[in-house]
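Just below is one structure, and these are the notes that go with it.
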Protein chains: 2
Amino acid sequence: MFDLPSLKIKARSGIYATGQERVVQILETAVEILIQDGFPSVTLREIARRMDIRVSAIHHYYSSRDDLILDVLSGVLSSYEEFFEGLRTASDLQPEERLRAFINAILDDILTLKTTRLFPELWALAGRDENVSRMIDAIYIRSRVLVTRCIAEINPALDLRTRENLALFLTASLEGVTIFAGHGKPWAGEMPQLKAIACDSLIAMVCNARPIADPDPDWRPPTLLDAASYVALTDPV
Amino acid sequence: MFDLPSLKIKARSGIYATGQERVVQILETAVEILIQDGFPSVTLREIARRMDIRVSAIHHYYSSRDDLILDVLSGVLSSYEEFFEGLRTASDLQPEERLRAFINAILDDILTLKTTRLFPELWALAGRDENVSRMIDAIYIRSRVLVTRCIAEINPALDLRTRENLALFLTASLEGVTIFAGHGKPWAGEMPQLKAIACDSLIAMVCNARPIADPDPDWRPPTLLDAASYVALTDPV
DNA sequence: TTCAATATTGGACACTTGACCTGCTTTCAA
DNA sequence: TTGAAAGCAGGTCAAGTGTCCAATATTGAA
């Protein structure tokens with residue numbers, strides 16, 4: 001009924017085993033509420049209610065709600081980081097087929113309840129919170145690493161800026177499908193057809209793209225992150 | 001600094017002029033808060049604070065907060081309905097150029113603060129509220145009327161289902177750009193390039209699409225609306 | 001001008017939320 | 001086994017919320 005979120009939990013220092021488990025339980029419960037009922041419902045009391053513990057127990061691990069929420073977001077986004085990392089490494093395919101696999105994987109992921117509910121919440125939150133904006137920026141940069149490389153291999157004539165813009169539009173196109181064909185949305189049943197359309201049109205877009213006439217050698221992809229963080233995300237391992 | 005939202009206000013019965021104005025002020029203030037600070041900040045007290053009136057004054061017009069919110073959403077979405085209607089009627093262009101104009105208009109609109117803030121909030125809300133889902137479904141159906149007609153004219157060989165799926169993916173692609181290149185987002189500066197990419201790739205998609213082998217004659221576009229409401233939205237006037 | 005309909009105030013109510021604090025209980029290394 | 005650290009219960013607090021109501025002020029047609 002409800003696919004349990006696989007969170008990546010940040011390590012804590014010198015703690016009893018029971019405490020370690022509690023933190024995991026707290027975060028997982030928070031994500032569960034977030035997915036089922038949205039951000040406003042993620043209150044300390046609702047978490048405590050579902051876990052059948054007292055609010056002060058949560059407060060023992062997180063001195064403020066904001067700290068907790070930050071940990072929740074970080075845990076959620078880390079799990080997607082792993083998802084993208086898995087996509088990137090597990091492909092010995094040709095560039096075009098690799099891109100096709102990426103598109104299909106993203107659109108499959110969009111069909112899950114978790115992604116359908118979570119990302120619109122994050123997009124909305126990003127409009128009001130600079131930290132969330134940066135976290136989302138980071139995760140999407142990670143997701144585009146594979147795409148930009150495929151584009152460079154498929155169409156080597158392209159300049160950096162065109163490559164990056166194509167990757168961005170490709171990613172944006174897929175994310176937009178969440179709104180209409182995500183889990184439980186009216187068009188979810190058409191996802192097989194949409195996948196085919198997305199693959200065909202987006203790969204054709206990459207193949208037929210032409211470099212801009214006078215590329216600016218100083219152009220760099222725009223980001224909310226500082227240069228060092230950006231490089232760390234895009235650097236080949 | 002802040003583009004004032006043009007709301008379409010529902011008519012009320014037998015009321016003083018001051019009351020008519022108040023309702024407009026209340027709704028406009030609510031939208032202002034919604035855009036600036038997000039949904040959770042739209043409280044009766046925050047509206048009253050900004051208008052320098054008492055909470056009970058608002059309560060005189062809306063017996064519950066839910067009623068008010070519903071009117072806010074309805075007003076906001078009506079304004080977009082007018083936007084789409086204007087796009088549809090004011091174009092004596094060839095189908096391909098009409099589609100190009102649509103894509104550019106949507107991406108221009110995405111650059112506004114209003115749309116960048118509002119729609120992610122609506123998408124998030126749709127995940128938790130069936131009524132909002134239906135309202136959004138309705139407004140996007142309106143927005144696709146023009147697109148589906150252009151597609152039918154550009155590529156007459158296509159069956160209904162392929163046409164509708166193409167229109168959906170095209171719209172989804174554009175909406176997805178909001179997340180990355182909306183007002184104040186990192187890629188907003190690349191919008192001219194993204195517009196060119198979107199136009200080229202999406203129009204090529206429509207031109208090169210091929211009908212499915214064995215179309216189901218009973219297939220109808222999926223929607224949350226009942227049949228009558230759907231027809232009313234798509235029927236040519 | 002009159003006066004009933006309408007608009008608005010000011011306050012009260014019950015409820016929720018995050019934060020915090022004191023004291024009891026459990027854990028687990030020394 | 002012991003005791004300090006960690007976990008947790010129970011309750012309090014101020015600040016916030018939507019709702020409601022009685023009293024007052026304003027409007028505008030008759």
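Just so it is clear: chains get the letters A, B, ... in the order the sequence lines come, proteins before strands, and each one is counted from 1.
Minimum atom distance to the side chain of L44(A) is reached by dA19(C), of the listed dT9(C), dA19(C), dG10(D).
With hydrogens and angles ignored, a donor-acceptor pair under 3.5 angstrom links the side chain of R45(A) to the base of dG18(C). In the interface, the side chain of Y16(B) is paired with the base of dT27(D) through a donor and an acceptor atom under 3.5 Å apart. The base of dA7(C) is not paired with the side chain of Y61(B) by any donor and acceptor separated by under 3.5 Å. No N or O donor and acceptor, one from the side chain of S56(B) and one from the base of dG11(C), sit under 3.5 Å apart.
Put simply, CD1 on I47(B) is 13 Å from C1' on dT17(D), counting in whole angstrom units. Atom NE2 in H60(B) sits roughly 8 Å away from atom C1' in dT8(C) (whole-Å rounding). Per the geometry, CZ belonging to R49(B) stands 11 Å off C1' belonging to dA15(D), to the nearest Å. Per the geometry, CD1 belonging to I58(A) stands 11 Å off C1' belonging to dC8(D), to the nearest Å. The nearest whole Å value for the distance from the OH atom in Y62(B) to the P atom in dT8(C) is 13 Å. In this structure, M51(A) places its CE atom 12 Å from C1' of dG7(D), rounding to the nearest Å. Nucleotide dG18(C) holds its P atom 9 Å from the CD1 atom of I69(A), rounded to whole Å. dC13(D) atom P lies 17 Å from atom NE2 of H59(A), rounded to whole Å.
Using modelled atom types, no side-chain atom of S74(B) and backbone atom of L70(B) make a donor-acceptor pair closer than 3.5 Å. In this structure, R142(A) contributes its side chain and E85(A) its backbone to no donor-acceptor pair below 3.5 Å. A donor-acceptor pair under 3.5 Å is absent between the side-chain atoms of T178(B) and the main chain of T116(B), judged by distance alone. Side chain of D137(A) to main chain of L224(A): a donor-acceptor pair is present (N/O by atom type, distance under 3.5 Å, no hydrogens or angles).
Residue-to-nucleotide proximity on DNA chain D shows that, of V42(B) and T18(B), the 5′-proximal contact is made by V42(B).
Using a 4.0 Å heavy-atom cutoff across all strands shown, V55(B) reaches at least one base atom of the nucleic acid. Residue contacts for A57(B): at a heavy-atom cut-off of 4.0 Å it reaches a base atom on one of the strands shown.
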As a quick check of understanding, evaluate salt bridge (charged side-chain N to carboxylate O under 4.0 Å, His left out) for R50(B) and E28(B), giving each step before the final call. CA-CA 11 Å; R50(B) 296 201 185 201; E28(B) 283 182 348; over 6 Å; no

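Using a 4.0 Å cut-off, no side-chain N or O of R54(A) falls inside it from OP1 or OP2 of dC8(D).
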